[in-house]
Amino acid sequence: MKIVRIFLLSGLIFLCGLFTFAGVYYFNATKDVRLQPEKLLLEELSTKVYDENGEAVRSAGTLAKKNTVKAENLPSHVKRAFIDVEDKRFYSHGGFDLKRIAKATLRNVKSFSFKEGASTISQQLIKNTHLSQEKTIKRKLKEFKLTRQLEKRYSKEDILEQYLNTIYFGHSCFGIGSASEYYFGKTPSQLTVSESALLAGLVKSPNNYSPFKHPQQCKKRRNIVLALMKKAGHLHLEEYKNAVNEEIPLTPNLAHGGDGYLKFVFDELESLAEKHSFTVGGKIEIKTYLDKHLQEKIVNCLQNLPCDRSAMVLDVEQNAFKASYSTLGNVCRSPGSVLKPLLVYAPAIERNQISPATAILDEKTDFSGYTPENYGGTYAGYVSAREALSKSLNIPAVKILNSTGIEKSKAYLEKLGLPVEKEDESLALALGGMKKGYSLKQLVSAYSVFPDQGEYQNGAFIKEIFIDGRSVYKRKIKKERVFSEATAYLVSDMMKTATQTGTAKKLRTLPFEIIAKTGTAGTKEKNTDAYVLTATKKDVVGVWLGNANNSPIEYTGGGEPCNIAYGINEYLHSNRLTKNQPLGEFSPPKSVASVKLDKIEYYDTHNIVLADENAPTQFTFSEVFSTKALPRGKSDKFSNPSISAPTISVWGRTVRIDFSKSSPEYYDYIIERYDYATHSTVYCGKYQAVFSDESVQDDKRYVYTVIPVYNGKKGKPVKLPEISLKGAPPPPIINKDWWNK
């Protein structure tokens, strides 16, 4: 019994000590913590964005118009939407929902995780306006003290009002006033039940539930909120059904201005907040890669066009966007032919299936029911892969993808941040035929793989983020290899041809080395999208023209987009010259070799063979190859002349020798005749299609030998079958050469 008392007393002393320690720690951790009412006001929120030189480009937290909303002016369904999804016992608890905390704790214990939280609206307001991003016990104690002070000082309506005016709704919208305008073009007092539920659903994850980024996820989340409102008795069944069937917005209300660089900054901010688990709130400072003068340039280049448009500039070294403007935001569209270098040509070259010189037959082809056509409906016959890409021919692209395989080719796209949906896995993908497609941001990022020698890192707008003075994110340059240096160079060199003689030839007068690929998407009746992607060793530029509703445009990729890209690249070049930063050139790596090929063999048989060392210049051409896939065959037609055997026949009293059509005209020819008693040279001279020997006798049998000669070098003699005039029929009169007799 005495032992039990000692044990109980010891336990009591331990608990007292523990509580005393906890009390002292709580006091020390929170002694300087005070509720600051000014931080609860939207006007005092400060979000600053800095350009590449560290200069502030904007202050005051939102891009959309900022409005402070009074709770008393909000319809009840607006307030109930947020309360029912975020804190259903808001009006009954004192700042902490103990029942919810207990349930969350139990679930976390069962799942061995801390993924389920139990923050009330009061706690969220404190976290968003007063506390740093660190996840420590000390921070939780501060949150506890400040939440208690908040609940003592303000009414529930005041707390809800402050919460709705400071919460982040995505797309740079702080507060329900700016969110209502941006998403719906109306004030919060005009929000429908469905619209209120959509905004309430955004709070959990603005990036994942944005109707403009993920419409299906947004609709699903909105319906969850509506179901919770119905369950709580705040919606009648008919109201619920009407709200569920209401359409969600697919494009923002941009009456306040275009979607400039800062829109992309805030989109990235939301993604980073999700990935790195920090809350968008408090005093935010964002360092970006913005070149404000370049930004002004591209905005000016895109003015006065009768359609929607986008342009972006990416710095290759940092894989960072220096300027960006779009009237539609980061919308996804069919990429058209700008996908060909990434999906078709680079994978095939990487796998040594083709080279720039590979000959491909461009003709109308049926691919098991799929019959693509070239632009304009014409076909070029045999063309090189270089010409096929530079002129954006469709049939060769489909043939190459069919040979490489969709599965293998799309794997490269996915490494470049370009995922392919299952429904898009068809040969039409070679021409950019996709249901959803990609954003210009994705395509510009992916194209950096060519000037960056086969390495890739997703393009970014943000260098570093500070919240309440503490760095919560700092970008690291970490590139991954997708293609070999050889592949990156070879495809770049092919796209350089596109700027000289291909679809992007409007760029050929630029006084520096540039590569490009154009693209046009649509139907036979209309064009809906026009692109050009260009790259120097320093910058990637992307331009897109189209319309949000897919109405027709009068442009093709090789037209106005190239004109716009010309102006942007001209400015980039001039600006770098003033900074003594030359653009540089696409220099071949050691894994690439330039070789001379036999032009005759290439155009006659479409085979790729190395040229004879003795071949004249007019019979050779140069092309570049990966050193792992150099041509193996070599021509010897000049150092060792050879011909196909001519045919020999008798025409009356004449022996006739007909040379085959493949007999080279650049050879000299020696024809020798034997009759078993004498040997004579009957001809020595230039090529002629037919040789006739009339100095023959009836009673003799003859053997002729033909020797090709080039530059004094005799080739292998060709011995023809023995022949005699005896018994030979006279020549047809119609074939007799009367005029020359």
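Residues take their numbers from the sequence shown, with the count starting at 1. Nothing here was measured: the structure is a model prediction, and the numbers come from that model.
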Checklist line | Exam field: side chain Glu480 to backbone Gln457, donor-acceptor pair closer than 3.5 Å | finding: no
Check: Of all residues at least two apart in sequence or in a different chain, which pass the side-chain hydrogen bond (donor to acceptor under 3.5 Å, both in side chains) check with Arg309?
Finding: none
Checklist line | Beyond-backbone contact of Phe169 with Ser210, side-chain heavy atoms, under 4.5 angstrom | finding: no
Note to self: Working to the nearest 0.5 angstrom, can you tell me the gap between Tyr438 OH and Leu342 CG?
What the structure shows: 9.0 Å
Next item on the list: Check step by step if side-chain hydrogen bond (donor to acceptor under 3.5 Å, both in side chains) holds for Tyr183 and Glu195.
Entry: CA-CA 9 Å; Tyr183 286 96; Glu195 292 166 346; over 6 Å; no
Note to self: Quick one: does any side-chain atom of Thr578 pair with a main-chain N or O of Asn575 as donor and acceptor, under 3.5 Å?
What the structure shows: yes
Notebook entry, point to check: How many angstroms lie between CD1 in Ile465 and CG in Leu269, if you round to the nearest 0.5 Å?
Noted result: 5.0 Å
Checklist line | Ser439-Asn330 side chain donor-acceptor pair, cut-off 3.5 Å | finding: yes
Next item on the list: Can you measure from CG (Leu314) to NZ (Lys538) and round to the nearest 0.5 angstrom?
Entry: 13.5 Å
Check: Among side-chain atoms of Ser194 and Thr192, is any donor-acceptor pair under 3.5 angstrom?
Finding: no
Check: Do Asp529 and Trp544 come within less than 4.5 Å of each other through their side chains, counting heavy atoms only?
Finding: yes
Notebook entry, point to check: Checking Asp452 side chain against Tyr456 main chain: does a donor-acceptor pair fall under 3.5 Å?
Noted result: no
Item checked: CG on Leu272 to OG on Ser277, rounded to 0.5 Å -> 11.5 Å
Next item on the list: Evaluate the criterion side-chain contact (heavy atoms from CB on, under 4.5 Å) for residue pair Phe96 and Glu151; output intermediate values, then yes/no.
Entry: CA-CA 10 Å; Phe96 305 96; Glu151 287 279 342; over 6 Å; no
Note to self: Within the 4.5 Å heavy-atom criterion, are Pro561 and Thr518 side-chain neighbours or not?
What the structure shows: no
Notebook entry, point to check: Taking Asp308 for the side chain and Ala548 for the main chain, is one N or O donor matched with an acceptor at less than 3.5 Å?
Noted result: yes
Next item on the list: Go through the steps for Ile176 and Ile167 under the test side-chain contact (heavy atoms from CB on, under 4.5 Å), then give the verdict.
Entry: CA-CA 8 Å; Ile176 194 171; Ile167 200 71; 6.0 Å; no
Note to self: Quick check against the 3.5 Å criterion: does Glu268 have a side-chain atom that pairs as donor or acceptor with the backbone of Phe461?
What the structure shows: yes
Next item on the list: Kindly indicate, with the supporting measurements, whether the criterion side-chain contact (heavy atoms from CB on, under 4.5 Å) is fulfilled by Leu199 and Phe82.
Entry: CA-CA 8 Å; Leu199 292 181; Phe82 286 88; 4.1 Å; yes
Notebook entry, point to check: Does His77 use its side chain to pair, donor to acceptor, with the backbone of Leu191 at less than 3.5 Å?
Noted result: yes
Checklist line | Sidechain N-carboxylate O distance under 4.0 Å for Glu246, Arg222 | finding: no
Next item on the list: Show your reasoning for whether side-chain hydrogen bond (donor to acceptor under 3.5 Å, both in side chains) applies to Asn319 and Ser448.
Entry: CA-CA 7 Å; Asn319 285 92; Ser448 69; 3.1 Å; yes
Checklist line | Asp468 side chain to Lys283 backbone, donor-acceptor under 3.5 Å | finding: yes
Next item on the list: Could you walk me through whether Glu560 and Asn563 pass side-chain hydrogen bond (donor to acceptor under 3.5 Å, both in side chains), step by step?
Entry: CA-CA 5 Å; Glu560 190 60 23; Asn563 291 334; 3.3 Å; yes
Checklist line | Student check: side-chain heavy atoms of Leu150 and Gln162 closer than 4.5 Å | finding: yes
Check: Is it the case that more than 12 heavy atoms not belonging to Lys186 sit under 6.0 Å from its NZ atom?
Finding: yes
Next item on the list: List the steps, then state whether side-chain hydrogen bond (donor to acceptor under 3.5 Å, both in side chains) holds for Lys127 with Thr279.
Entry: CA-CA 8 Å; Lys127 282 192 289 186; Thr279 302; over 6 Å; no
Checklist line | Six-ring centre of Phe90, Lys156 cation under 6.0 angstrom, axis tolerance 45° | finding: yes
Margin query: Quick check: do Ile477 and Glu317 have side-chain heavy atoms less than 4.5 Å from each other?
Written below: no
Item checked: Pairwise distance CD1(Ile248) to CD(Gln216) - rounded to 0.5 angstrom -> 7.0 Å
Item checked: Heavy-atom donor-acceptor pair, Ser324 side chain to Met312 backbone, under 3.5 Å -> no
Check: Roughly how far, to the nearest 0.5 Å, is the OG atom of Ser326 from the CG atom of Leu440?
Finding: 8.0 Å
Checklist line | Asn569 side chain vs Ala565 backbone, donor-acceptor pair below 3.5 Å | finding: yes
Item checked: Note, Leu262 side chain near Thr288 side chain (heavy atom, < 4.5 Å) -> no
Next item on the list: In sequence, state the C-alpha distance, the side-chain angles, and the governing distance for Leu125 and Tyr154, and then conclude on side-chain contact (heavy atoms from CB on, under 4.5 Å).
Entry: CA-CA 12 Å; Leu125 177 59; Tyr154 296 98; over 6 Å; no
Item checked: Flag, side chain of Lys263 to backbone of His171, donor-acceptor distance under 3.5 Å -> yes
Next item on the list: Taking the side chain as every heavy atom from C-beta outward, state whether Leu443 and Lys517 have any pair of such atoms under 4.5 Å apart.
Entry: no
Notebook entry, point to check: Can a salt bridge be assigned to the pair Asp315 and Arg576 using a cut-off of 4.0 Å between side-chain N and carboxylate O?
Noted result: yes
Check: So, do Glu157 and Tyr91 sit near enough that their side-chain heavy atoms are less than 4.5 Å apart?
Finding: yes
Check: Do the ring planes of Tyr168 and Phe266 sit parallel (below 30°), tilted (30 to 60°) or perpendicular (above 60°)?
Finding: tilted
Item checked: Side-chain donor-acceptor pair present, Tyr325, Gln295, cut-off under 3.5 Å -> no
